[in-house]
Amino acid sequence: MGKNNKKKTSLPNEKHLLLPLHSTAATTPVVDTHTHLLTTYSWYRSKYVTGKFNDIYEFVRGLYVGRNVKAIVDVWCEPPMPRSWKELADSAISPRDRATKWGGVDYWFVMGDHEAKHYNDEVEQTILEAMTHPRCVGWGEIGLDYHYDHSPRQLQQEILTRQLRIAVALKKPLTIHTREAEEDTERILKAEVPADHPIHIHCFTDSPEFARRLLDHFPNLHIGITGVISYSTNTNTAATVRHMVSRPEGPRFLLETDAPYMVPSNLYDSLSEVKGRLPICHTAMIPWVADFAAASGIDGWDTARIMRRANENACKVYGITIN
């Protein structure tokens with residue numbers, strides 16, 4: 001066997017996870033409409049085994065407080081759902097707990113089953129229980145992924161349809177995942193979801209034409225922008241942002257990280273001392289997502305205006321408040 005000359009990527013010092021205060025975030029609240037908090041913290045612990053944050057609450061207070069993070073929408077979508085979902089949700093019920101445990105960050109969550117092959121009556125009962133919680137603001141993420149095809153496509157469609165029917169009956173906002181499944185996603189959504197239902201198409205990377213058709217049909221549908229907008233392999237998201245800005249009603253976008261995935265590539269312009277790449281994305285990176293969107297060829301929309309509009313949209317879709 002030949003010698004493995006692959007260069008190892010150095011792990012940046014943990015201190016670099018605490019980002020500098022972005023100039024826009026100093027005056028504009030940071031709201032992350034899609035983050036996987038338990039997974040993000042688990043990745044953190046796996047990368048920094050002796051890291052200083054001993055639990056999720058310390059992680060949030062340590063990295064988000066002082067960075068004007070006001071609200072997060074946490075996502076539970078990989079069954080079987082750990083019971084920690086309820087522990088975190090319960091810890092955010094009272095204003096006192098949100099102040100002491102969460103450092104003043106408003107914690108909200110959604111739940112759904114993104115792994116169709118694991119969906120069963122027990123999973124559904126857990127989701128239904130979650131829907132009654134006062135911090136639950138939607139059903140998701142759910143949808144079709146024809147890129148990875150973790151479940152057979154017909155089964156993906158059947159489970160998506162089943163969940164949509166329940167969520168619509170409960171009048172819960174929808175968080176939708178769709179990747180390389182434009183035709184089937186559009187067909188199922190139009191067949192099962194009332195036109196005026198609130199929908200978040202999260203981490204959008206499909207064609208701008210697909211986005212336009214959805215936006216035309218669903219007046220309360222919004223499109224999620226993540227750090228993937230900054231990747232050279234993806235031009236669809238920036239083109240979709242330009243289309244949304246040109247629409248008469250104004251842009252219906254949401255800002256999200258999909259943490260721990262997809263660190264914005266432009267973040268490193270602000271981290272000159274970092275050697276290597278940060279191993280996780282997190283909510284305090286939202287302003288850099290907005291930065292790249294602002295630089296994608298849209299006149300009159302700077303970072304602050306994009307963040308303000310996205311925050312307004314978050315309140316419309318999920319009914320959250322930003323303190």
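The basis for the numbers below is simple: all heavy atoms, side chains too, and nothing from hydrogens, waters or symmetry mates.
A single hydrophobic cluster is not seen to contain both I127 and V137; linkage of ILVMFWY side chains at heavy-atom distances under 4.5 Å, directly or through other members, places them apart. L38 and V110 fall into different hydrophobic clusters, defined by Ile, Leu, Val, Met, Phe, Trp and Tyr side-chain heavy atoms under 4.5 Å apart, directly or through other members. Under the 4.5 Å side-chain contact rule for hydrophobic residues, Y41 and L11 share a cluster. Hydrophobic clustering (ILVMFWY, side-chain heavy atoms < 4.5 Å, transitive): V31 and F292 are in distinct clusters. Using a 4.5 Å cut-off between side-chain heavy atoms of Ile, Leu, Val, Met, Phe, Trp and Tyr, with links allowed through other members, I72 and L21 fall into different hydrophobic clusters.
Using a 4.5 Å cut-off on side-chain heavy atoms (C-beta onward), F210 and T240 make no contact. Residues L155 and I159 are in side-chain contact: their nearest non-hydrogen atoms beyond the backbone lie under 4.5 Å apart. Side chains of T321 and C315 form no contact here, defined as non-hydrogen atoms less than 4.5 Å apart. Looking at M262 and C281, their side chains never come closer than 4.5 Å, going by heavy atoms from C-beta outward. Residues T126 and V123 fail the side-chain proximity criterion, which asks for heavy atoms closer than 4.5 Å. Looking only at side-chain heavy atoms (C-beta outward), D90 and R135 stay at 4.5 Å or farther from each other. With a 4.5 Å cut-off on side-chain heavy atoms, N236 and T205 do not count as touching. Within the 4.5 Å cutoff, side-chain heavy atoms of W76 are placed close to those of L88.
Using cut-offs of 30° and 60° for the angle between ring planes, the W85 and F109 rings count as tilted. By the 30° and 60° cut-offs, the orientation of the rings of H177 relative to H114 is tilted. Taking the six-membered ring for Trp and thresholds of 30 and 60 degrees, H150 and Y148 have nearly parallel ring planes, at less than 30 degrees apart. H34 and H200 have perpendicular rings, their planes meeting at more than 60° on a 0 to 90° scale where under 30° would count as parallel.
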Test log, rule side chain to side chain donor-acceptor pair (under 3.5 Å), inputs D258 and H36: CA-CA 6 Å; D258 201 16; H36 302 269; 3.0 Å; yes
Could you check R162 against D121 for salt bridge (charged side-chain N to carboxylate O under 4.0 Å, His left out), going step by step and ending with a plain yes or no? CA-CA 11 Å; R162 177 171 169 174; D121 291 342; 2.9 Å; yes
Starting from the C-alpha separation in whole Å, work towards a yes-or-no answer on salt bridge (charged side-chain N to carboxylate O under 4.0 Å, His left out) for R187 and D184. CA-CA 5 Å; R187 172 180 57 79; D184 287 335; 3.2 Å; yes
Taking it one step at a time, do T237 and N234 satisfy side-chain contact (heavy atoms from CB on, under 4.5 Å)? CA-CA 7 Å; T237 306; N234 168 43; 2.8 Å; yes
Which is it for L271 and L278 under the side-chain contact (heavy atoms from CB on, under 4.5 Å) test, yes or no, and what are the steps along the way? CA-CA 10 Å; L271 303 178; L278 296 178; 4.0 Å; yes
Test side-chain contact (heavy atoms from CB on, under 4.5 Å) on D106 and I322; report intermediate values, then the result. CA-CA 8 Å; D106 264 342; I322 302 173; over 6 Å; no
What do the steps show when you test M307 against T24 for side-chain contact (heavy atoms from CB on, under 4.5 Å), and what is the final call? CA-CA 9 Å; M307 288 177 63; T24 301; 3.7 Å; yes
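Side-chain contact of Y44 with E14: a donor-acceptor pair under 3.5 Å is present, judged by distance alone. At a cut-off of 3.5 Å, with distance as the only test, no side-chain donor of D74 or T35 sits close to an acceptor on the other residue. A donor-acceptor contact closer than 3.5 angstrom is absent between the side chains of W139 and T175. For the residue pair D291/H22, the side-chain donor-acceptor check at 3.5 Å is satisfied. No hydrogens or angles considered: a donor-acceptor pair under 3.5 Å links the side chains of E182 and S207. Of the N and O atoms on the side chains of H243 and R247, at least one donor lies less than 3.5 Å from an acceptor on the other residue. Donor-acceptor pairing under 3.5 Å is lacking for the side chains of D113 and H118.
Listed here is the closest heavy atom pair of I166 and E124: CD1-OE1, 3.3 Å. Nearest heavy atom pair, residue P208 against residue A239, reads CG-CB, 3.7 Å. Here the closest non-hydrogen pair linking C77 and P79 is O-CD, 3.4 Å. Considering every non-hydrogen atom in both N68 and T28, the closest pair reads ND2-O, 3.2 Å. Smallest separation of non-hydrogen atoms from R179 and D206: CA-OD2, 3.8 Å. When all heavy atoms of Y57 and S91 are compared, the closest pair comes out as OH-OG, 3.1 Å.
Aromatic pair W43/Y261: centroids less than 6.0 angstrom apart. Aromatic ring centroids of W108 and Y318 lie 6.0 Å or more apart.
The only option from I201, D196, V193 that meets the side chain to side chain contact (heavy atoms under 4.5 Å, CB included) definition with F218 turns out to be V193.
With hydrogens and angles disregarded, a donor-acceptor distance shorter than 3.5 Å links the side chain of Q156 to the backbone of D145. In this structure, the side chain of R153 engages the main chain of Y146 through a donor-acceptor pair within 3.5 Å. Remark: the backbone N or O of P29 is paired with a side-chain donor or acceptor of N311 at under 3.5 angstrom.
Residue K190 qualifies as enclosed at atom NZ: its count of foreign heavy atoms under 6.0 Å is above 12. More than 12 heavy-atom neighbours from other residues, nucleotides or ligands sit within 6.0 angstrom of CD on E180. Counted within 6.0 Å of CD on E249, heavy atoms from surrounding residues, nucleotides or ligands total more than 12; the atom is thus considered enclosed.
Separating the OG1 atom in T33 from the CD atom in E256 is a distance of 5.0 Å, to the nearest 0.5 Å. Rounding to the nearest 0.5 Å places CG of L214 at 13.0 Å from NE2 of H222. A distance of 4.0 Å separates CD1 in I223 from CG in L215, rounded to the nearest 0.5 Å.
Taking the ring centre of Y268 as origin, the terminal cationic atom of R277 falls inside the region bounded by 6.0 Å and 45° from the ring axis. Within the cation-pi definition used here (under 6.0 Å to the ring centroid, within 45° of the axis), R98 does not qualify as a partner of Y107.
The pair R305-D299 fails the salt-bridge criterion, with no side-chain N (NZ, NE, NH1 or NH2) lying under 4.0 Å from an Asp/Glu carboxylate O. A salt bridge links E129 with R83: the distance from a Lys NZ or Arg NE/NH1/NH2 to an Asp or Glu carboxylate oxygen falls below 4.0 Å.
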